[in-house]
There are 2 protein chains.
Amino acid sequence: MTVTLADVAARAQVSPATVSRVLNGNYPVAASTRERVLKAVDELDYVLNGPASALAAATSDLVGILVNDIADPFFGIMASAIQSEIGGPGGRAGGERLAVVCNTGGSPERELTYLTLLQRQRAAAVVLTGGAVENEPHAAAVAAKLRKLTEAGTRVVLCGRPPTPDTRAIALAFDNRGGARQLTEHLIGLGHRRLGYIAGPRERTTTRHRLEGHRDALAAAGIEDDPRRTVHGHYDRRSGYEAALELLRRDPDLTAVVAANDSVALGACAALRESGLGVPRDISVAGFDDLPFSIDAVPSLTTVRLPLAEAGARAGRIAMGREEPPPGGIATVRGELMVRGSSGVPRAERAAR
Amino acid sequence: MTVTLADVAARAQVSPATVSRVLNGNYPVAASTRERVLKAVDELDYVLNGPASALAAATSDLVGILVNDIADPFFGIMASAIQSEIGGPGGRAGGERLAVVCNTGGSPERELTYLTLLQRQRAAAVVLTGGAVENEPHAAAVAAKLRKLTEAGTRVVLCGRPPTPDTRAIALAFDNRGGARQLTEHLIGLGHRRLGYIAGPRERTTTRHRLEGHRDALAAAGIEDDPRRTVHGHYDRRSGYEAALELLRRDPDLTAVVAANDSVALGACAALRESGLGVPRDISVAGFDDLPFSIDAVPSLTTVRLPLAEAGARAGRIAMGREEPPPGGIATVRGELMVRGSSGVPRAERAAR
DNA sequence: AACGTTGCAGCAAGCGCTTTCTGCACCCAC
DNA sequence: GTGGGTGCAGAAAGCGCTTGCTGCAACGTT
């Protein structure tokens with residue numbers, strides 16, 4: 001029923017081995033023979049059986065990309081960049097690999113199950129993006145899985161995710177801590193002293209690192225870190241909206257709000273505006289990531305730009321073995337402070353001048 | 001080196017056949033035996049070899065999701081919904097299927113190659129999202145490919161994409177034409193008579209349908225459709241920015257701009273604002289899709305909400321055979337007009353009152 | 001002229017699983 | 001006590017491909 005290698009071989013009057021070699025192009029085949037085979041392939045509309053060849057060759061052309069939330073452009077941008085380097089059809093890479101993105105939804109179990117599924121498919125490489133969960137048993141389970149994968153020859157790259165010790169995984173980590181620190185320093189430099197912070201979910205490395213950077217800056221400026229000025233939520237707009245209201249309730253005199261990311265910041269802006277506060281006139285707001293829509297917000301968002309596409313592309317190349325991994329298998333990717341319209345000198349400061 | 005079924009069988013003192021049956025659960029196995037096998041699986045940390053089982057069983061648990069641009073939330077949201085229904089780990093579905101999203105980048109060739117790759121992997125189902133390219137040879141090639149896929153037993157579902165005749169593909173098409181018409185009717189109802197339109201790329205069905213809806217509304221209101229009031233671009237912010245400037249250059253007296261989608265609309269807003277025009281004071285703007293950020297724009301965007309998540313979920317269920325396909329294999333999904341801050345009564349109209 | 005070399009094609013042995021068919025107990029009914 | 005079920009496990013034949021090895025011309029070398 002379905003066309004097989006043997007059918008092609010028969011038609012081209014050669015052995016199946018020869019057809020296989022023509023298709024894989026890793027063995028000398030006379031030009032005339034090759035042509036005959038290709039003609040037969042074309043005429044029969046033959047499509048290689050992936051599973052069979054993966055089984056025989058003990059490798060596959062599948063590359064997995066794990067993301068926390070595919071509906072979030074933060075991950076979409078990275079995934080897109082990774083995929084374009086992986087090859088997939090038309091990518092820069094030569095071979096045709098099936099780059100597939102798997103949506104974990106931030107769930108540790110799903111993450112693990114996807115890794116198992118990819119292991120089962122004998123994936124050629126796996127790229128994990130985004131922050132990790134800081135839950136000891138889970139982290140250990142993931143580390144163990146990654147170790148197994150690398151041992152089986154699968155290349156593992158972490159993109160925007162902290163290194164996993166005792167694993168041969170390559171890590172390109174974002175300098176969330178440093179970026180957050182710069183951002184808060186910028187606000188402090190403008191004269192802000194009462195800053196609220198809307199953090200992401202607890203137990204995520206990204207959340208912790210950004211929060212630490214914020215606190216570093218406060219500490220360096222000798223500003224007391226009132227725990228009441230920090231609220232935890234999710235990495236989405238809605239969380240930002242609610243958290244901003246909560247912060248305002250706790251301290252109506254806040255002059256700035258730093259958000260865990262841009263979506264959160266935009267939600268916060270909406271809440272502040274609805275509370276009758278002008279941004280940045282009455283209160284400054286800052287985000288993180290610099291997603292495309294941030295520049296379009298009114299006022300445009302002060303934030304930290306993370307080179308998502310560049311990092312993704314690099315991760316993709318490393319996963320394909322087309323770029324040397326960084327020394328030690330670990331590289332830090334820095335962000336860049338983008339000062340825009342949503343941050344300004346606090347009201348009191350202006351009055352004093 | 002790697003653990004195989006036979007190893008597990010040896011350890012559990014049963015035949016490989018029994019182990020296979022325990023793992024697949026589609027054949028009676030005595031409880032005591034099953035337990036012994038599972039114990040051995042656990043102890044050896046056995047992971048099934050996907051390619052091998054796919055080869056032997058002539059089926060695989062791979063489900064492909066094709067998207068035009070994974071960095072665009074429009075596709076991200078649909079992909080996420082589809083994936084959650086496909087199962088993947090933790091999804092509602094029982095079986096563990098690997099739902100993979102493939103980024104075509106809007107390129108017809110890549111689309112075709114991905115389909116071949118999925119065919120090669122003997123995918124269980126394929127979901128294609130987003131508008132199709134209206135290029136005759138390409139459309140025919142895709143149709144042929146889809147036919148092959150369905151013939152081979154792969155379920156094919158089109159989500160937010162027009163039906164493909166002569167194919168057994170199920171189609172859930174968005175009513176782009178109707179939505180666009182409603183939107184423009186709304187603006188006309190407010191009193192607008194000089195409307196600019198920023199269209200998407202030519203040759204895409206979505207672009208054409210939305211444009212047709214817009215023109216339908218104009219025609220119904222007896223407004224002449226000046227071709228100079230339509231500019232084509234891409235479905236991104238930047239295009240919107242540039243196109244808006246171009247439209248203004250061509251006719252400074254425009255009172256409204258309708259954009260191909262929300263990102264384009266936001267880009268247009270930015271351009272208008274920078275040109276000194278207030279939205280909606282001087283000029284109204286409308287988008288399409290109602291992506292999450294649209295409500296956050298200032299002013300919030302008047303647009304047409306497309307039930308992306310619902311449609312995606314439904315497509316996913318159909319792909320999994322867990323929901324009956326619509327009669328005739330074709331269903332139309334309607335959008336809903338969302339009137340918000342970016343559209344208002346035109347200036348002249350207000351003055352006249 | 002005899003003997004390596006080289007270049008290309010075929011043979012055949014798997015890769016690790018699924019599944020049909022066969023086989024063996026064991027139980028029930030007559 | 002025998003014949004026919006019934007319930008479970010095993011033997012073995014592939015699934016469609018890759019690849020190490022062998023084979024055989026045709027060529028170059030001394």
Side-chain angles (χ1 to χ4, degrees), chain A residues 1-38 40-41 44-62 95-96 117 119-124 152-153, chain B residues 1-38 40-41 44-62 95-96 117 119-124 152-153:
Chain A
M1 208 209 91
T2 59
V3 184
T4 72
L5 242 209
D7 299 330
V8 177
R11 176 151 197 137
Q13 316 232 54
V14 295
S15 73
T18 302
V19 178
S20 169
R21 298 202 259 245
V22 167
L23 262 26
N24 291 298
N26 48 16
Y27 193 87
V29 173
S32 62
T33 312
R34 177 197 319 287
E35 223 162 286
R36 216 151 18 100
V37 169
L38 291 178
V41 165
L44 294 177
D45 217 355
Y46 171 68
V47 175
L48 196 65
N49 182 317
S53 83
L55 171 59
T59 61
S60 96
D61 50 7
L62 207 69
E96 277 176 2
L117 240 35
Q119 180 185 7
R120 171 177 304 180
Q121 299 299 330
R122 306 299 189 252
Chain B
M1 209 207 90
T2 58
V3 184
T4 72
L5 242 209
D7 299 331
V8 176
R11 175 151 199 140
Q13 315 231 52
V14 294
S15 73
T18 302
V19 177
S20 170
R21 298 202 259 245
V22 168
L23 262 26
N24 290 299
N26 47 14
Y27 191 87
V29 173
S32 64
T33 313
R34 178 199 317 288
E35 223 162 286
R36 216 152 18 100
V37 170
L38 290 178
V41 166
L44 294 177
D45 217 354
Y46 171 68
V47 175
L48 194 66
N49 182 317
S53 81
L55 171 58
T59 62
S60 97
D61 50 7
L62 208 68
E96 277 177 2
L117 241 33
Q119 179 185 7
R120 171 179 302 183
Q121 299 299 329
R122 305 298 187 253

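Residue numbers start from 1 in every chain, and the chains themselves are labelled A, B, ... in the order their sequence lines are given, proteins ahead of strands. Just so we're clear, the structure is a prediction, and the values are computed from it rather than from any experiment.
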For atom CG of Leu48(B) and atom P of dG16(C), their distance in whole Å: 12 Å
Separation between CZ of Arg120(B) and CG of Leu62(B), rounded to the nearest 0.5 Å: 13.0 Å
Rounded distance in Å - CG (Asn24(B)) to P (dC17(C)): 11 Å
Show me the donor-acceptor pairs, under 3.5 Å and distance only, between side chains in residues 44-55 of chain B and residues at least two apart or in other chains.
| unit_1 | atom_1 | unit_2 | atom_2 | d |
| --- | --- | --- | --- | --- |
| Asp45(B) | OD2 | Lys148(A) | NZ | 2.6 |
| Asn49(B) | OD1 | Ala52(B) | N | 3.0 |
| Ser53(B) | OG | Gly50(B) | O | 3.3 |

Heavy-atom side-chain proximity of Thr18(B) to Ser15(B) below 4.5 angstrom: yes
Heavy-atom donor-acceptor pair, Arg21(A) side-chain to dG10(C) base, under 3.5 Å: yes
Nearest-angstrom distance from the residue atom CG of Asp61(A) to C1' of dT18(D): 14 Å
dG10(D) OP1/OP2 closer than 4.0 Å to side-chain N/O of Thr18(B): yes
Closest listed nucleotide, where the reference is the side chain of Ala30(B) and the choices are dG16(C), dC11(C), dA9(D): dA9(D)
Ala56(A) vs Ser15(B), nearer the 5' end of DNA chain D by closest nucleotide: Ser15(B)
Whole-Å distance separating the OH atom of Tyr27(A) from the P atom of dG10(C): 11 Å
Gap separating the OG atom of Ser60(B) from the CZ atom of Arg122(B), nearest 0.5 angstrom: 9.5 Å
Touch class at under 4.0 angstrom, heavy-atom based, for Ala58(A) against every strand present: nothing
Candidates dC8(C), dT18(C), dT19(C) - which lies nearest the side chain of Thr33(A): dC8(C)
Spacing of Leu5(B) atom CG relative to dG14(D) atom P, expressed in whole Å: 20 Å
Between P of dA9(D) and CD of Glu35(B), the distance in whole Å: 13 Å
Sequence-distant partners of Arg21(B), salt bridge (charged side-chain N to carboxylate O under 4.0 Å, His left out), two or more places apart: none
Nearest-neighbour nucleotide for the Ser20(A) side chain, dA9(D), dT19(D), dC17(C) considered: dT19(D)
Angle by which the axis turns from one end of the helix from dA1(C)-dT30(D) to dC30(C)-dG1(D) to the other, five pairs per end, to 10 degrees: 40°
Distance in angstrom units between Gln121(B) CD and dG16(D) C1', rounded: 13 Å
Nearest-nucleotide comparison on DNA chain D, the residue closer to the 5′ end among Arg36(B) and Ala57(B): Arg36(B)
Single hit among Val8(A), Val29(A), Val19(A), Val22(A) for side-chain contact (heavy atoms from CB on, under 4.5 Å) with Val14(A): Val19(A)
d(CG, Leu55(A); P, dT18(C)) in whole Å: 11 Å
Separation of Arg11(B) CZ from Gln13(B) CD (nearest 0.5 Å): 10.5 Å
